[in-house]
Amino acid sequence: MDISTLLEPSIDVLTHIFSKLYISIAGVDLESRSHLFDTTSRDIHSFELGNLNLGGRAWLFDMVVKSFVFKIPGRKKFKPVGTRTPNVPDYRNSPHYKGDLNQVLEYFGDTLGKSDDYIVRVTEIGGRSAACIFINTVCDHKAVEECLRSLQQHQFPRLSPKDVAQYLTEKVLPSSNSMYVTNLYTLGESITSGDLVLLVDGVVPAIVMGAKFVEHRTPEQPYIESSVRGPQISFVENLDINIGLIRQILNTDTLRIKKMKVGYRTRTEVAVVFLEDVANPTLINTVVERINAVHVDTINQGAELEHLIIDHTSSLFPLTRTAQRTDSVAHEVNQGKVVIFVDGDPTVLMVPATIRDFFQTSEDFSHTFHEATLVRWLRIVSFMFGLYLPALYISFTDYNPELLPKVLGLQIAKSREGVPFPAFIEVLIMQLIIEILREATLRMPKQMGQTLGIVGGLVVGEASVQAGIVSNILIIVVALTAVSIFVSPSYEFAIVIRIGTWVMDIAAAFFGLYGVVLVTIAGIYEVCALKSFGVSYADPFSGEYFRDLVADGIIRAPYNLFRQRPQHLRVQDQTTESRYRNPAKHAPLSTSSPQLKKRNWRRPLK
């Protein structure tokens, strides 16, 4: 009896299961998508799998492989996080302050008043009762005392001013950062963030003064992106200081800052920084819309926000580039990218990111183009070493030793004499030891970590060779792989190489060189299919933007040739030269607009 006849019922069951599973995941009907495959170039209806004839169900297996191993073309990658209604009140439905001081104090007493650091300082202003509300642990005490002293020492006129709030902000209060607020939810948010709120009985609106005080460190040298030349300043955990560092470098009136708050409980402040006349407007709108679409309770760092706004959340490759150096971020902003700052995180997100960005550093522009090009090629070679060396050792040792030169093959065979394990187990043992030492070095104190890394590597490697567990050639392979991984200037991309090395090793253990080639093809397919905020991840290596590839890709051209920005970013202003022969016009002054009142100079009511 034919094997196809025996397995026919099982194939029918698997066909039904895969069909239902695919419909539930992809949301489409398999029968309706079968026409997408080419039935003229090859007969998929008589697809042969070994000695098993799948008949008319071959398109199903083709569909399943293309759907689950790779990505389905045309599917929407980005989905907003938090589609369910959050269990928090909507700020738009919050009550408003209408001048009743006792009512508002009772309102905040039932919410913020349950905390011990909630402080209310009662005073009197021109015969009216007033109160200063603040959180003692995050508000600057000097600002509070200075505000109360100004209110108590000021000689108010006998006749009450028409607009008491405007009179206080212009002639009494010392704060230069104040605004008018009526929404009680916004007032509560200002209080918890460290602002000082002044309420006067019978006066609308409330006055919010910036008095936030949080301990922060001063800008120091970057501990991730170290360099020999160039600025040595990194960002800190304070958002305002980080934006100020960027403004010191990009002293232009087209630098735009858009601030948002993300997280219903942390209310983390996020800032989007870009050049208005350079960055692509579609990119700017996409970044802002995706951040506004995030509905979660807490955002404590930029990595959490990154995972919620990228196009492909399950991809192994990093779709945003991170940086700590101020000069790197300023350079990328000038090139047309959008930068995302998260309050409390010294690491900055830069979008869009392509695979080319992870082989470049800002230090490349501090050297001659000969040296910079040489270093870039060194990073590419190190990437190949870190990814392929252990897998090639397994393939040549266990599967294809005839492909090696005769002398090298004899040396490897001689070094493995007496080793009781196959090559894959050898590599597995040594890579596990390297990973354990690497993690232990990162977690231990700095002084002990360096000693552990050096002594542990030497002792374990030498002892393993003498004990006959691994060969001495493998020690060289594993050591070169471990060093080559961290030649990558990006820590995120170094993690990709580490994981990719394990995948290559497993493929080589099962299929030899064929497995290495198949995983390489799958990786290239993945890179070409990815997009980072609408920009292809493979740019400029895809071939469409040849100038970007030659000028600032595999080589770094002389600096005087950088007269245009990257084409693959599709920026508004392509040139980096100042065209004084035909300069752009300045923004004109309006002569027909009416005279503004003093109150209109301030921020609008919230």
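Positions are given from 1, in the same order as the sequence printed here.
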Under 3.5 Å donor-acceptor, [X] side chain and [Y] backbone:
| X | Y | answer |
| --- | --- | --- |
| Arg290 | Phe533 | no |
| Thr266 | Thr298 | no |
| Asp297 | Arg265 | no |
| Tyr537 | Pro318 | yes |
| Asn334 | His331 | no |
| Lys337 | Pro352 | yes |
| Asn280 | Val571 | no |
| Tyr399 | Ala509 | yes |
| Asn238 | Ile241 | yes |

Any chance you could lay out the side-chain hydrogen bond (donor to acceptor under 3.5 Å, both in side chains) test for Ser490 and Ser488, step after step, and finish with the verdict? CA-CA 5 Å; Ser490 172; Ser488 173; 5.3 Å; no
Rounded at 0.5 Å granularity, tell me how far [atom1] in [X] sits from [atom2] in [Y].
| X | Y | atom1 | atom2 | value |
| --- | --- | --- | --- | --- |
| Glu304 | Ile309 | CD | CD1 | 12.5 Å |
| Arg267 | Asp343 | CZ | CG | 13.0 Å |
| Glu332 | Met350 | CD | CE | 5.0 Å |
| Glu426 | Leu428 | CD | CG | 11.0 Å |
| Gln411 | Asn472 | CD | CG | 9.0 Å |
| Ser484 | Met384 | OG | CE | 12.0 Å |

Using every non-hydrogen atom in the two residues, find where [X] and [Y] come nearest and quote the distance to one decimal.
| X | Y | result |
| --- | --- | --- |
| Thr282 | Thr286 | O-OG1, 2.7 Å |
| Thr481 | Phe385 | OG1-O, 4.1 Å |
| Gln335 | Pro566 | OE1-CD, 2.7 Å |
| Thr501 | Pro390 | CG2-CG, 3.9 Å |
| Leu319 | Ala353 | O-CB, 3.6 Å |
| Thr361 | Pro489 | CG2-CB, 3.2 Å |

Is [Y] close to [X] at the side-chain level, that is, under 4.5 Å between some pair of heavy atoms?
| X | Y | result |
| --- | --- | --- |
| Ile246 | Asn242 | no |
| Arg247 | Leu255 | yes |
| Val339 | Phe274 | no |
| Ile521 | Tyr525 | no |
| Ser471 | Ile412 | no |
| Leu389 | Leu480 | yes |
| Thr322 | Val348 | no |
| Asp311 | Leu530 | no |

Cationic tip of Arg379 within the cone over Phe358's six-membered ring, i.e. under 6.0 Å and within 45° of the normal?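 Here Arg379 fails the 6.0 Å and 45° test against Phe358.
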For [X], does the [atom1] atom have more than 12 heavy-atom neighbours from other residues, nucleotides or ligands under 6.0 Å away?
| X | atom1 | value |
| --- | --- | --- |
| Phe317 | CZ | yes |
| Phe486 | CZ | yes |
| Glu417 | CD | no |

Using 4.0 Å as the upper bound for N to carboxylate O, is an ion pair formed by [Y] and [X]?
| X | Y | result |
| --- | --- | --- |
| Asp240 | Lys259 | yes |
| Glu526 | Lys531 | no |
| Arg438 | Glu435 | yes |
| Glu492 | Arg321 | no |

Taking the six-membered ring for Trp and the full ring for Phe, Tyr or His, determine whether the centres of Phe359 and Phe493 are under 6.0 Å apart.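 Under 6.0 Å, so yes.
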Verdict with supporting geometry, Tyr388 and Thr520, side-chain hydrogen bond (donor to acceptor under 3.5 Å, both in side chains): CA-CA 10 Å; Tyr388 288 106; Thr520 302; 2.9 Å; yes
Decide yes or no on side-chain contact (heavy atoms from CB on, under 4.5 Å) for Ile499 and Ile495, but give the supporting numbers first. CA-CA 6 Å; Ile499 299 176; Ile495 295 178; 4.0 Å; yes
I'd like to know whether Lys258 forms a salt bridge (charged side-chain N to carboxylate O under 4.0 Å, His left out) with Glu289, so could you lay out the CA-CA distance, the side-chain angles of the two residues, the decisive distance to 0.1 Å, and finally the verdict. CA-CA 12 Å; Lys258 288 185 177 293; Glu289 289 175 1; over 6 Å; no
Tell me, with the steps shown, if Tyr264 and Val296 meet side-chain contact (heavy atoms from CB on, under 4.5 Å). CA-CA 6 Å; Tyr264 286 99; Val296 293; over 6 Å; no
Could you walk me through whether Met430 and Ile475 pass side-chain contact (heavy atoms from CB on, under 4.5 Å), step by step? CA-CA 8 Å; Met430 290 308 302; Ile475 297 296; 3.5 Å; yes
Verdict with reasoning, Ile429 to Leu432, per side-chain contact (heavy atoms from CB on, under 4.5 Å): CA-CA 5 Å; Ile429 293 173; Leu432 281 176; 6.0 Å; no
Donor on one side chain, acceptor on other, Ser395 and Tyr514, under 3.5 Å: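 There is no such pair (donor and acceptor under 3.5 Å, judged by atom type) between the side chains of Ser395 and Tyr514.
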